Amino acid sequence: MQNANKAKLSEMQRLLDIMTQLRDPQSGCPWDVKQTMESLTCYTIEEAYEVADAIAAGDMHDIKDELGDLLFQVVFYAQIASESKAFSFDDVAQSISDKLVRRHPHVFANALASEGVSDTNENVTVERTQLNDSALNTQWDAIKAQEKQLKKQRLKQGDDAIETSILDSVPKGMPALMYAQKLQKACAKVGFDWPDAAPVIDKVREEVEEIQQELDTKQRLLSASSADEKPLSNDMHDNQQAIEEEIGDALFAMVNLARHCKVDADTALRNASNKFANRFKGVERLAAEQGDKLDALTLDEMEALWQQVKQSSSSSVE
C-alpha cells in the first residue's frame, strides 16, 4: 500500500511538472501560455459535462480519461495562480481538505483533537455527535452559514454598507436548470416555498396558460398587420419578449415541481433528451432499412416510424 501511495503521488507530481512545462514562456506551448482563468472556464464546464456523459454511458475507461481531463483543469488554474504568487496546487488541496474536515465534525472531530490539526477557519464550531440525515443537513447548513459569515467579515474590511442575501452564494454562472433549483432550495430554507406539489402544479398550469395568452396576442398582431399592412415591429418585439418571459416562468415552475417531487430537474431533462435521441436514431435506422431518407418522408410517415420505435422500446422494457 505504501508503494502504491508513492506511485500515485509521483504521478500527481508528474502532472504538475507537465503543466509547469506547458506554461513556460520560452519553451512551453503557445496555446497554454496565453490562457487565462477567464478563457479556461468554458473548457472546464465542457469537461465536467463530458465526465457526466461518460458516467451515464457506464464506460469506466472513459470515466477515468474524462476525470483526468477535469483534473487537468484544476491543475491549470493552480498553475496560473502560482505564477502570480496567489496560491499553489497544494493550497487548493489544503483548502478542500480543511473544508471537508470542518464540515464533517461527526467524522473528524476526534481526529482533530487527537492530532492537533489546525483549521484555517478556527472560529467555526466543531462538535462530534451521532446524527441522522435531517440532523446532518442542519449541521451542514449551520457550518456553511458560519463559513459565509467569516467570509463576509474578511471582505467587509470596515465597510458596513455591504449588502447580504441568502442568494449571494448561488453562482449565477451555473447552468440555468441548476441555478433555478439552487435559488429555490435557498429560499425554501427560510420558509419561502410551497407546502407541497399540488399548488406548484396549479402554478405550472397558470404559467402555460399565460404562454397561450401571449401566443394568441401574437396571432392577433399578425392578423392586424396583414389586414392593415402597417408595420407593427415594436409590438411584435414586445410580444416576443413577453413570450420568452412566460416560457421562462413556466420552466422555473417546472423546476420547482421537480424539486417538490424530489426529482433533479437537470437529470430528468437529460434522461428525457437521451430517450428522444435514442428513439430518433431508431427512426433513422427504420427509414434506412426501408431505403428512405428522412428528408424525403412526410411528417405523418416519420410519425409512424416514431410510433414503431416507441412501441418497440416499451415492449423491451416489459
Side-chain angles (χ1 to χ4, degrees), residues 42 45-46 49 167 170-184 187 192-194 196-261 263-288 290-311 313-314:
C42 62
I45 294 170
E46 180 181 337
Y49 276 116
L167 304 181
V170 182
K172 295 181 178 65
M174 281 182 169
L177 285 179
M178 187 183 299
Y179 181 52
Q181 197 161 266
K182 289 284 188 180
L183 289 175
Q184 293 167 5
C187 292
F192 190 72
D193 194 15
W194 299 103
D196 52 52
V200 187
I201 293 177
D202 291 337
K203 185 64 176 176
V204 170
R205 293 193 182 102
E206 175 189 325
E207 297 297 350
V208 172
E209 178 58 32
E210 290 179 1
I211 294 172
Q212 185 61 60
Q213 291 172 8
E214 292 300 335
L215 290 174
D216 292 342
T217 298
K218 181 176 184 178
Q219 188 58 48
R220 287 195 298 270
L221 289 171
L222 288 171
S223 298
S225 176
S226 176
D228 299 339
E229 296 184 356
K230 294 179 181 178
L232 298 171
S233 58
N234 289 338
D235 290 339
M236 290 296 295
H237 176 72
D238 292 344
N239 174 248
Q240 187 61 34
Q241 285 189 323
I243 292 173
E244 178 181 308
E245 181 177 342
E246 296 302 343
I247 289 177
D249 290 344
L251 289 171
F252 191 84
M254 281 299 300
V255 172
N256 214 349
L257 178 59
R259 184 174 58 86
H260 275 274
C261 294
V263 170
D264 180 77
D266 186 81
T267 300
L269 182 57
R270 186 178 301 278
N271 289 341
S273 298
N274 287 336
K275 180 170 67 176
F276 173 86
N278 289 333
R279 287 180 176 176
F280 188 80
K281 290 176 182 177
V283 170
E284 291 176 316
R285 285 193 297 271
L286 287 179
Q290 296 175 178
D292 295 322
K293 293 184 178 180
L294 283 185
D295 56 7
L297 298 177
T298 66
L299 181 57
D300 287 342
E301 289 171 332
M302 284 190 283
E303 176 63 23
L305 294 179
W306 177 272
Q307 291 302 327
Q308 288 184 46
V309 173
K310 186 176 179 181
Q311 182 63 37
S313 61
S314 297

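Numbers for residues simply follow the sequence, beginning at 1. Every value quoted in this text rests on a predicted model; they were computed, and no experiment measured them. Computed from heavy atoms alone, side chains included, the values below leave out hydrogens, waters and symmetry copies.
- Counting only heavy atoms from C-beta outward, the side chains of M236 and L222 approach each other to under 4.5 Å.
- Between the CD1 atom in I211 and the CG atom in D216 there is a gap of 12.0 Å [rounded to 0.5 Å].
- To the nearest 0.5 angstrom, K172 atom NZ is 8.5 Å from L167 atom CG.
- Formation of a donor-acceptor pair under 3.5 Å by the D193 side chain with backbone atoms of Q184 is not found in this model.
- For the atom pair CG (D300) and CD (E303), the distance works out to 8.0 Å, reported to the nearest 0.5 Å.
- A 4.5 Å side-chain heavy-atom check between L299 and W306 finds every atom pair outside the cut-off.
- Judged by distance alone, the side chain of Q290 and the main-chain N or O of A287 form no donor-acceptor pair under 3.5 Å.
- Counting heavy atoms from C-beta outward, P175 and I45 have side chains that stay 4.5 Å or more apart.
- Listed here is the closest heavy atom pair of A250 and E207: CA-CB, 3.7 Å.
- For the 3.5 Å distance criterion, the side chains of Q241 and E245 fail to qualify, holding no donor opposite an acceptor.
- With respect to K203 and D249, no salt bridge is recorded, no charged nitrogen being found less than 4.0 Å from a carboxylate O.
- Taking every heavy atom of both residues into account, P171 and Y179 meet most closely at O-CD1, 3.4 Å.
- Residue V309 comes nearest to V283 through the heavy atom pair CG2-N, 3.6 Å, listed as atom of the first residue, atom of the second, then distance.
- For E301, the CD atom sits in a packed shell: over 12 heavy atoms of surrounding residues, nucleotides or ligands are nearer than 6.0 Å.
- No side-chain donor-acceptor contact under 3.5 Å links N239 to the backbone of D235.
- The nearest pair of heavy atoms linking V170 to K182 is CG1-CB, 3.6 Å.
- R220 and T217 form a side-chain donor-acceptor contact under 3.5 Å, judged by distance and modelled atom types alone.
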Decide yes or no on salt bridge (charged side-chain N to carboxylate O under 4.0 Å, His left out) for E209 and R205, but give the supporting numbers first. CA-CA 6 Å; E209 178 58 32; R205 293 193 182 102; over 6 Å; no
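- Each of E214, Q212, E206 was evaluated against E210; a single residue qualifies, E206, per the side-chain contact (heavy atoms from CB on, under 4.5 Å) test.
- For the residue pair D264 / Q181, a side-chain donor-acceptor distance below 3.5 Å is found, with atom types taken as modelled.
- At least one side-chain heavy atom of R270 sits less than 4.5 Å from a side-chain heavy atom of Y49.
- One distance of note links CD1 of I201 with SG of C261; it measures 6.5 Å at 0.5 Å rounding.
- Atom CG of L286 and atom NZ of K281 lie 14.5 Å apart (nearest 0.5 Å).
- Of all the heavy atoms in V200 and A253, the pair that sits closest is CG1-O, 3.7 Å.
- Between F252 atom CZ and L257 atom CG the span is 13.0 Å, to the nearest 0.5 Å.
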The test is side chain to side chain contact (heavy atoms under 4.5 Å, CB included); show your working for F276 and N271 and say whether it passes. CA-CA 9 Å; F276 173 86; N271 289 341; over 6 Å; no
